[in-house]
Amino acid sequence: MKMIRLLPHTPSAILAAGLALASAVPLRAASVTWIEAERFDDPGGWTIDTQFIDQMGSAYLLADGLGTPVTDAVTRVELPAPGRRRLWVRARDWVPEHHPGRFRVMLDGRDAGREFGASGRAGWTWEDGGAHDVGRTVELRLHDLSGTYGRCDAVVLAEDLDWKPPTDRAAIDALRLAHGGVGAAIRDAGDYDVVVVGGGLAGCMAAVASARTGARTALVQNRAVLGGNGSTEILVPPVGVWPRGRDDRREPRDTGIIEEAGLAGAQGDADTRHWSARLRRIADATPDLSLFLETHVTGVGLATNAAGAIREVRAIGTRTGARSRFGAKVFVDCTGDGAVGVAAGAIHRHGREARSMYGESMAPEEPNATTMGNSLKFAARKTDAPQPFATPPWATEFALCDHFPEGRHPASPNPPLGWQWMIELGGLQNTYLEKEEIRDDLLRLVYGIWSHIKNECPKLREEAVPYRLQWVGAVTGMRESRRLIGDHVLTENDIAGQVLFPDRVAFGGWGLDDHFSDGFFTRGQPARHPHKGLLHSVPFRSLYSTNVPNLLMAGRNISASHVGMGSTRVMMTCAVIGQAAGTAAALCAERGLTPRDLGRSHVEDLQQQILKDGAHIIGLPNTDPRDLARAATATASSEGVEPTGERMAAAHALDGFARAAGGAGHAWRADATRPGPHWLQLAWNAPRTFNCVHVTFQTRDLAPAGFRIEAPEGDGWRTLADIRSRHRRHVVPLDRVTAARLRIVPSFAAGICEVRVYDEPARTLDIARRIAATRDLPSTPDERWPWETPEEAARAAAAVPAMRAGLDSETVAKKYGAIVMDDGVAGLTGRWTASAHSSPYIGLGYLNDGDEEKGAKKAVFHPQLPGPGRYEIRLAYTTLGNRASNTPVTIFTTSGPRTVRVNQRKAPAIDGLLHSLGVFDLAAGPEARIEVSNGDTDGYVVVDALLLIPAP
Ligand SMILES: Cc1cc2nc3c(=O)[nH]c(=O)nc-3n(C[C@H](O)[C@H](O)[C@H](O)COP(=O)(O)OP(=O)(O)OC[C@H]3O[C@@H](n4cnc5c(N)ncnc54)[C@H](O)[C@@H]3O)c2cc1C
């Protein structure tokens, strides 16, 4: 026997009530035909809006045509018999003073004779379409009149001409159930170890981590795409630890599974096209992870035998109305709104705590229900012709530039997506319950801004003449609603004081980014943001409910105060928190523990698993007893020195820290001025058997183009793996081998922070292979902005270099009859940055000097020549306007050094790839060398490769 407890104001809550109510309306019910608009045979140009199911009871059709009426939605309906019927339409006049969303309804091609969506009443209402004679089958057509967000929830044909549809929400939902608007049966979607609800960055990482850790996992997401606010529907660019720019290039910021998306988390507009598809790719490649899209969780079933534990979540298909259940041992709430937790009776909070509660300086004196607001974004496009735009009467009015609060006036006709975070409203309302009203206010605001740009602004309207409104988001981006309370509430003081919790499992470093609740209309700055970049830990106790025993949470609904969530809410941080929560969920399911028990008695296991999977926990070293490298000693071909003077000792690769942290590099790097190959060796006092090696470089930018893993064979070394792919961290499956030594040979002197060595089960190796195969795939046309045509998306995808996009050295060598020395074999002085930003290039990318520390950087090539001779030497580089016009290349010839200056602002003359430096006599042996330096240069110095072609 189980008890079903349901969210208030959700279909399921009503459905439960509706089962009883249905019997109260059977006669009426028998005489009406109910048609859900979102289930029309052909929605035409209408879109199905599924985001307000909790608030208004259903998905509905939305006429989102940017001001141009959308094409008709059409369906055919079978009636029990022909006859006279009264037409009822559930519609919304979303601005009652102006009726922007008007539409007509046709029955078998005949206009019903009135406009819908123009009732003059606020909210969802039934509009009477009059009585009509209809046949046994009737064609229904929704004919949009405005293209400005008309909306239709359901159409009803009533045999009893005096019957009126109920206005009471419970009765409406009962009718929906009785007439098939919602599926009668509840499909069993299965029992899992872990169910994760919500597919934003937090939920995706939680689900992937859970499945990789060994739990049969379901990810239930109510949208058609993954990514939450970072999705291609909303276009918020994920960030995490505040970027410290050039201050410390050794720090990789947010790490773990999220790195596999291959995106910087650098808040750039360009990233936003990629996230949904890349998350999907990662999820699809994960074994034991089942993904359920367009599935909205509406309630939970609680077990009676354990105090309040969740036994299942119940869901509804957002487009189909089909109902389903998902059972699990452990649940992770990543809905952002704490939807699962609130349904399960989890203690939760909405709004700002009083200052006295946690002693937070940024908290108000008195508690209040205000929050940060919701947002929409928009995009415009420049065309070849004037694009008039008539200001809609319902748009927010900005007749003059100074009607905008300071700093909120757009600076261009197509303001960057990044800037548009300021289009924020609703912080003074209930961002969850009043989500549709807030969305509508945001639409009015966006159209008001656009109208000002096009028609009123003396600064922009000329420039804006050829611009057309291209896209206006209709899916709300939410910053804040309910937060679930755990055993610890993370506060401003924890973050500002950088408290190192013993049970820390994740970290953040964005700073306390708190927006004022007036949002766009705040006078002065719309947000305050102290403690930028201050790294802080996140305790496990903030990731599980204090009263629902099998509920974890990740993302913006974790247990933090309003002020504290200012840091944890950014998406890369949500992602690393998600990984921690998902890993914990899997361990709980496997061991039959509650999260609290896991945290109390086994937190080290959790922490070690998180570290093993590439995430970072401040100040916590690898102590994994299964890691064979822990018992090895490290030596190296040579040891370099950081510009700071820090020695880059071989032992650093085994010191337990997989990244620079707290001012220490924690990395071995060879002395780059010495000729390669450079190697790091691990040696044991007796042979070890292993089949998997983890190699972690400093950052992806500082990682080499490739590396080899070798074991001794006879007097030499046998290659166990030859990796040709640039990433910060590699988990390399091997054929099982027994050896007392092991060598890592990077293709150039790159810093290695950690080497781990394991004997792993086949499943772990399989996962490693899947990761390696997935993360190097090129971009695809589905990584696209909502306003792009498929052709534009295909062109854009082709322009994004895949990580393997460079020209292959062997092909280049054959084509030019040359000895090719890629940048990876150069000995380096000073810190060079690896890049693959511009094409074409050879191998996996090229190096640049960062346009800094002039005179302190050199890339030295030592050609291995078969004998002395004459060679034409060509330099490969990629060109851009920011390059040095005077890059010195010194060739050490048999008659002494000769320096040639190269203008790297000009494209290389040979195939846009190579620049000839001349013909030189070279000796065989170490005297022959070529040095590219950055001394006295006036821009970025770029080194891709050197080619030596025997000259006649
Ligand atoms: C306009 C705006 C600008 C921002 N700027 C930035 C920024 O620049 N960088 C940054 O990193 N962060 C930014 N943020 C904050 C950040 O986007 C959020 O804090 C973050 O998205 C939280 O991630 P999440 O995974 O917890 O939730 P979300 O991204 O909200 O994802 C939750 C997912 O769960 C789904 N869901 C909800 N309820 C259910 C249910 N009942 N059943 C099934 N699925 C459900 C939702 O549809 C959604 O897809 C911004 C937010 C906004 C709104």
Side-chain angles (χ1 to χ4, degrees), residues 7 10-12 50-51 53-54 195-206 219-231 233-242 254 265-269 271-272 275-276 279 292-300 313-316 318 326 332-343 372-377 417-427 431-432 435 438 442 473 475-483 508 510 513 515 519-520 527 553-558 565-575 577-578 581:
L7 283 167
T10 66
S12 303
T50 65
Q51 63 191 306
I53 291 175
D54 288 353
V195 167
V196 178
V197 183
L201 263 67
C204 290
M205 293 303 104
L219 173 58
V220 186
Q221 156 75 337
N222 60 7
R223 309 294 317 161
V225 292
L226 296 174
N229 285 346
S231 70
E233 295 184 317
I234 302 178
L235 300 183
V236 175
V239 290
V241 170
W242 185 261
D254 316 281
Q267 221 177 10
D269 281 8
D271 270 9
T272 54
W275 277 100
S276 288
L279 291 168
F292 298 87
L293 293 174
E294 300 188 311
T295 307
H296 179 74
V297 166
T298 52
V300 303
V313 291
R314 294 208 159 180
I316 188 165
T318 54
F326 299 79
V332 191
D333 188 339
C334 301
T335 60
D337 298 326
V340 178
V342 174
M372 293 180 274
N374 302 344
S375 287
L376 291 181
K377 301 199 175 197
L417 293 167
W419 175 86
Q420 294 182 36
W421 67 265
M422 293 196 226
I423 303 174
E424 174 175 2
L425 293 175
T431 49
Y432 175 74
K435 195 171 160 189
I438 296 169
L442 285 162
V475 181
T476 315
M478 290 193 63
R479 282 185 184 77
E480 182 180 6
S481 62
R482 298 158 324 188
R483 305 184 301 281
W510 178 247
D513 181 359
H515 296 201
F520 192 83
M553 53 266 187
R556 60 185 162 83
N557 56 204
I558 65 165
M565 71 97 74
S567 178
T568 54
R569 71 191 178 89
V570 286
M571 286 180 268
M572 300 297 274
T573 304
C574 289
I577 290 173

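In each ligand, atom 1 is the first atom listed, and ligand 1 is the first ligand listed. These numbers were taken from a predicted model, which means no experiment stands behind them.
- Under a 4.0 Å criterion applied to the non-hydrogen atoms of P237, ligand 1 contributes the atoms 7 (C), 8 (O), 9 (N), 10 (C), 11 (O).
- For atom 30 (O) of ligand 1, the candidate residues are M572, E233, R556, K377; the nearest heavy-atom contact is made by R556.
- The heavy atom nearest to atom 53 (C) of ligand 1, considering only G230, C574, G477, is found in G477.
- Distances below 4.0 Å separate heavy atoms of G555 from the following atoms of ligand 1: 26 (O).
- Annotation for ligand 1: atoms under 4.0 Å from non-hydrogen atoms of V570 are 10 (C), 11 (O), 12 (N).
- Not one N or O on the side chain of Q221 forms a donor-acceptor pair closer than 3.5 Å with the backbone of L226.
- Every N/O-N/O distance between V236 and ligand 1 stays at or above 3.5 Å.
- Within the 4.0 Å heavy-atom cutoff, D337 does not count among the residues contacting ligand 1.
- Taking every heavy atom of both residues into account, R556 and D337 meet most closely at NH1-OD1, 3.4 Å.
- At a heavy-atom distance under 4.0 Å, only backbone atoms of V220 (N, CA, C or O) approach ligand 1.
- Ring geometry for F292 against F326 counts as perpendicular: the plane angle is over 60°, on a 0 to 90° scale with 30° as the lower cut.
- For ligand 1, none of its N or O atoms has an N or O atom of D54 under 3.5 Å away.
- Between V297 and ligand 1, at least one pair of N/O atoms sits closer than 3.5 Å.
- L279 is listed as a side-chain neighbour of M205, based on a closest heavy-atom distance under 4.5 Å.
- On a distance-only criterion, Q221 and ligand 1 share at least one N/O pair closer than 3.5 Å.
- Proximity to S375 (heavy-atom distance under 4.0 Å) selects the following atoms of ligand 1: 1 (C).
- With hydrogens and angles disregarded, no donor-acceptor distance shorter than 3.5 Å links the side chain of D271 to the backbone of P237.
- Considering every non-hydrogen atom in both D333 and G338, the closest pair reads OD2-C, 3.0 Å.
- With a 4.0 Å cut-off on non-hydrogen atoms, C334 touches ligand 1 through its backbone and not its side chain.
- Between R569 and ligand 1, at least one pair of N/O atoms sits closer than 3.5 Å.
- Here the side chain of T335 pairs no donor or acceptor atom with the backbone of V197 at under 3.5 angstrom.
- For the side chain to side chain donor-acceptor pair (under 3.5 Å) criterion with S375, the lone passing option out of E424, R479, Q420 is R479.
- Each of the following atoms of ligand 1 lies closer than 4.0 Å to a heavy atom of P238: 11 (O).
- Residue contacts with ligand 1, taken as heavy atom pairs separated by less than 4.0 Å, involve M478 solely via the backbone atoms N, CA, C and O.
- Residue L201 approaches ligand 1 through these ligand atoms, each under 4.0 Å from one of its heavy atoms: 25 (O).
- In the vicinity of V197, heavy-atom distances shorter than 4.0 Å reach the ligand 1 atoms 42 (N), 43 (C).
- No donor-acceptor contact under 3.5 angstrom links the side chains of R223 and T318, judged on distance only.
- The shortest side-chain heavy-atom distance between T476 and I438 does not fall under the 4.5 Å cut-off.
- Looking at F520 and L442, their side chains never come closer than 4.5 Å, going by heavy atoms from C-beta outward.
- Distances below 4.0 Å separate heavy atoms of G228 from the following atoms of ligand 1: 29 (O), 31 (O), 48 (C), 49 (O).
- Proximity of a side-chain donor or acceptor of S231 to a complementary backbone N or O of E233 within less than 3.5 Å is detected.
- Residues R482 and Y432 approach most closely at NH1-CE2, 3.2 Å, considering heavy atoms.
- Contact analysis leaves L376 out of contact with ligand 1, as no non-hydrogen atom separation drops below 4.0 angstrom.
- Residue N229 places at least one N or O, backbone or side chain, under 3.5 Å from an N or O of ligand 1.
- When non-hydrogen atoms are compared, ligand 1 lies under 4.0 Å from the side chain of R223 (C-beta onward) but not from its backbone.
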